[in-house]
Number of protein chains: 2
Amino acid sequence: MMKKASKRLVTISDVAQSAGVSKATAARVLGSYGTASPDAKEKVRDAAKKLGYQANELARSMTTGRSKTIGVVVGDIENQYFGQAVRGISDAARAAGFDVILANSGENAAKEKTAVRVLLGKRVDGLIVTPASVFETQHLHDIQRSGRPLVLLDRTVPGLDVDAVVTDDRHAAEAATKTLIDAGHRRISYITATESEDPIYRGPHQISLSTVMERIEGVMAAGRAAGIEQPERYIRLGAGRGGMGDKIIADLLQQTQRPTAILASDNVVALEVFKTLRRLGMSIPGDLSLIAFHDADWTSVTSPPITVIAQPAYDLGFESAQILIRRITGTGDVASRRVLATKLITRQSVAAPPKL
Amino acid sequence: MMKKASKRLVTISDVAQSAGVSKATAARVLGSYGTASPDAKEKVRDAAKKLGYQANELARSMTTGRSKTIGVVVGDIENQYFGQAVRGISDAARAAGFDVILANSGENAAKEKTAVRVLLGKRVDGLIVTPASVFETQHLHDIQRSGRPLVLLDRTVPGLDVDAVVTDDRHAAEAATKTLIDAGHRRISYITATESEDPIYRGPHQISLSTVMERIEGVMAAGRAAGIEQPERYIRLGAGRGGMGDKIIADLLQQTQRPTAILASDNVVALEVFKTLRRLGMSIPGDLSLIAFHDADWTSVTSPPITVIAQPAYDLGFESAQILIRRITGTGDVASRRVLATKLITRQSVAAPPKL
DNA sequence: TTGACATATGAGACCGGTCTCAAATACGTT
DNA sequence: AACGTATTTGAGACCGGTCTCATATGTCAA
């Protein structure tokens, strides 16, 4: 009962000594490589069990050069969308015997850079990153240069030739916009959380996320196809969680030529829109139609339930991890871009625009 | 432009050689320990930059014995509650210069055990765990035995004398129940997702989570204080996501002496309750009053908005990480139990029971 | 000029595994 | 019995850092 918390952990040499064999033999048995006689195996295993031996993976990784660990840098784990993706990564990794080191960038490129450096320092075998910005990508190129595989999740980076798993954002936005147009809308707003001092959209130079850019293109393409002038007129940026969302949305809806429909870029923005509408006393879909990206659980229980673009977040994670692991273990052919399909789930938040 | 992906990464010896100093001196400069002349420092730093040196943290951890990494095993990252907690852990860790290795147990004790073993193998400096079961705890005792600090998050394990950060579940459940009783309810149901083949509550031996047990005690205490007979009568278990939730809730609500109020154990269960009620055509709070644990974002936008018990999930994570890190770096005094307060947020899902 | 002491530096052991290589032992065959 | 081959084993180098210790150099006072 005097078992003091042992300062020094039991090593393979301890086991070898206890089993009466050489360090090399003990290592072969415990590391499951090379050959060893049944007799030796038994002695070593017994000794290991008796001593409570547990391999030092650090030392193991050090000699083998592989850590069986993948690093993940994600924008915001609090967001269900990424939560699901991380779950997918986690499941795929576990199935292949890999562990996951997670870092949260808070959608901040500088933090992302730090996180990548740390993960590379820990000698992860590969990385999965949701790049926070298409403008600051030096650290991503560094990963490539280090020879370790990288898979981009959810977003791409122009000019960076690596594997990526994304959704068909452009098409999804186009289809959703078309749905609104078909319902009779001509003044359609796209609202995103993407950082920007200026909430008005003036061009691609403001947009740091590939997904957002694709969606904007989709919205504008659908608008132009329907002969709508200045389809970018109602695009709004920076409706993030910082309290600005409410103001931006309210300003948008209180102008004389207000939009009659909104396409919300993610479920956080959609919730913000929903709350602002309620505050302003506007009804959905009577006064305003709404479609949201991401089929968050709550969107089906509001009144009315919200029409959404369902994104396969879990699969996004799962597949990206599979691709990464395949590249770590296997052959390195040319970089691929996997595009997963989204699905428009029609509920009751879309109707004809009000007669103004 | 023929820069081939370098197989072998640049080591401290390479830097030393390039700088024209010994390995030891280069290590001193780059590792910020010992002494070195300004001249040597400059030469080494220049060489390091030129070669793109990046320390191998594995090797570093190996000799120092500390990895500056904490392991986190959580029930379900997809659940916003844990997402927030992980965010809190992540922030506190980063602030102290620690990294996080995350593992998802899926609320499965066997997976949790594996995860712990892997993390210990990776030589994390300490662990934060949300134990999936109070019955299988051998691996948690093993952590203690290994001498590495452990902090329990959200839940406790009887007989395991380690730090824990939890919420005041018992009190919260008691207060919520009292609120329902004060509104006139006598038949109050507590519904939890906790695994169980038998949905009927028969005793503590079925309950593998300390939080659930505390809440049940709270519910029963409030009931008994109000002179309600068999306050455990409407307790239901196993309403997890496996589709069983709907059946269990529907069965409960269709019996002749049905409950008039429900206390939902988490936001997933609450959502299930909400959907089932809608399917059965019952209204809140007209036919049934509802209070949910966890202030999930959607609870404020439903019709009616739901009265909830707000839990400080982020703080739970943040504080547990702080406590863990303090224990890793600092003095080891006696194990503490930190109890964070919850808050009842009154919205519109509670009213007097219908006259049946 | 010399001794005392601080500062700077290099050689080499060490952490705990893996892995190469050569020696030892076992086994089968003629 | 003798030889060829396969299997088992141990010694020791190695991975890339840290760290101890002894030596070299510099500074200052006497």
Side-chain angles (χ1 to χ4, degrees), chain A residues 6-45 47-48 51-69 118 120-125 146-147, chain B residues 6-45 47-48 51-69 118 120-125 146-147:
Chain A
S6 45
K7 191 155 209 78
R8 200 175 142 291
L9 295 168
V10 14
T11 74
I12 211 157
S13 298
D14 300 330
V15 174
Q17 191 166 10
S18 165
V21 299
S22 74
K23 182 181 157 193
T25 299
R28 274 189 281 258
V29 174
L30 266 11
S32 306
Y33 61 91
T35 62
S37 63
D39 177 58
K41 280 183 185 168
E42 193 188 331
K43 280 191 296 183
V44 170
R45 295 221 172 93
L51 270 50
Y53 170 76
Q54 178 156 52
N56 182 336
E57 295 297 338
L58 255 39
R60 184 168 282 170
S61 297
M62 184 136 157
T63 37
T64 59
R66 19 192 54 261
S67 61
K68 277 274 180 180
T69 304
V118 168
L120 288 177
K122 286 213 191 298
R123 295 297 188 261
V124 293
D125 290 340
S146 83
Chain B
S6 45
K7 191 155 212 79
R8 200 174 141 290
L9 294 168
V10 16
T11 73
I12 212 158
S13 299
D14 299 331
V15 175
Q17 190 167 12
S18 165
V21 299
S22 74
K23 183 183 156 193
T25 299
R28 275 189 280 258
V29 175
L30 265 11
S32 306
Y33 62 91
T35 60
S37 64
D39 176 59
K41 280 182 183 167
E42 192 187 333
K43 278 192 296 182
V44 171
R45 294 223 173 91
L51 297 170
Y53 169 77
Q54 179 157 51
N56 182 336
E57 294 297 337
L58 254 37
R60 185 168 282 171
S61 297
M62 181 134 162
T63 37
T64 58
R66 16 192 55 262
S67 60
K68 277 274 183 180
T69 304
V118 168
L120 287 178
K122 285 211 191 301
R123 297 296 188 262
V124 294
D125 290 340
S146 83

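Every chain is numbered from 1, with letters handed out A, B, ... down the list of sequences. Any value given below was found using the heavy atoms of this structure, including those in side chains, with hydrogens, waters and symmetry copies removed. For clarity, every value in this text was computed on a predicted model and none was experimentally measured.
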What nitrogen or oxygen pairs link the protein and nucleotides 24-26 of chain C at under 3.5 Å?
none

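Distances were taken from every side-chain heavy atom of B:T11 (C-beta onward) to each of D:dG12, D:dG17, C:dT18; the shortest belongs to D:dG17. In this structure, of C:dG17, C:dG10, D:dT18, it is C:dG10 that holds the atom nearest to the side chain of B:V21. Residue B:N56 places its side chain closer to D:dG16 than to any other of D:dT18, C:dG17, D:dG16.
Judged by distance alone, with hydrogens and angles left aside, A:R123 brings no side-chain donor or acceptor close enough to the base of D:dG16 to form a pair under 3.5 Å. Not a single donor-acceptor pair, N or O on each side, falls under 3.5 Å between the base of D:dG17 and the side chain of B:R28. Between the base of C:dG17 and the side chain of A:K23 there is a donor-acceptor pair shorter than 3.5 Å.
OP1 or OP2 of C:dG10 sits under 4.0 Å from a side-chain N or O of B:S22.
Nucleotide C:dG16 holds its C1' atom 15 Å from the NZ atom of B:K122, rounded to whole Å. Regarding A:K68, its NZ atom lies at a distance of 14 Å from the P atom of C:dT18, rounded to whole Å. Rounding to whole angstrom units, CG of residue A:L58 and P of D:dC14 are separated by 22 Å. If you measure from atom CG of A:D14 to atom C1' of C:dG17, you get 13 Å, rounded to the nearest angstrom. A:L9 has its CG atom 19 Å from the P atom of C:dC14, to the nearest Å. Taking atom CE of residue A:M62 and atom C1' of nucleotide D:dG16, one finds them 4 Å apart after rounding to whole Å. The distance from atom CZ of A:R66 to atom P of D:dC15 is 18 Å, rounded to the nearest whole Å.
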Test log, rule side-chain contact (heavy atoms from CB on, under 4.5 Å), inputs B:I12 and B:Y53: CA-CA 8 Å; B:I12 212 158; B:Y53 169 77; 3.9 Å; yes
Show, in sequence, the C-alpha distance, side-chain angles and deciding distance for B:L9 and A:R123, and conclude whether the side-chain contact (heavy atoms from CB on, under 4.5 Å) test is met. CA-CA 11 Å; B:L9 294 168; A:R123 295 297 188 261; 3.6 Å; yes
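For the pair B:N56/B:T11, no side-chain contact is recorded, criterion being any heavy-atom separation below 4.5 Å from C-beta on. Between B:R45 and B:V29 there is a side-chain heavy-atom pair separated by less than 4.5 Å. Side-chain contact between A:D125 and A:T69 is absent, with no heavy-atom pair separated by less than 4.5 Å.
The existence of a salt bridge linking B:E57 and B:R60 is confirmed by a sub-4.0 Å separation between a basic side-chain nitrogen and an acidic carboxylate oxygen.
Here the OG-CG distance, from A:S67 to B:L58, works out to 6.5 Å after rounding to the nearest 0.5 Å.
The two atoms that bring A:K122 and B:K68 nearest to each other are NZ-O, 4.3 Å, heavy atoms only.
Between A:T64 and B:T25, the residue anchored closer to the 5' end of DNA chain C is B:T25, taking for each the nucleotide with the nearest heavy atom.
Listed in residue order, the members of residues 29-44 of chain B having a heavy atom less than 4.0 Å from DNA chain C are B:T35, B:A36, B:S37, B:A40.
The environment of B:Q54 atom CD is dense: over 12 non-hydrogen atoms of other residues, nucleotides or ligands sit within 6.0 angstrom.
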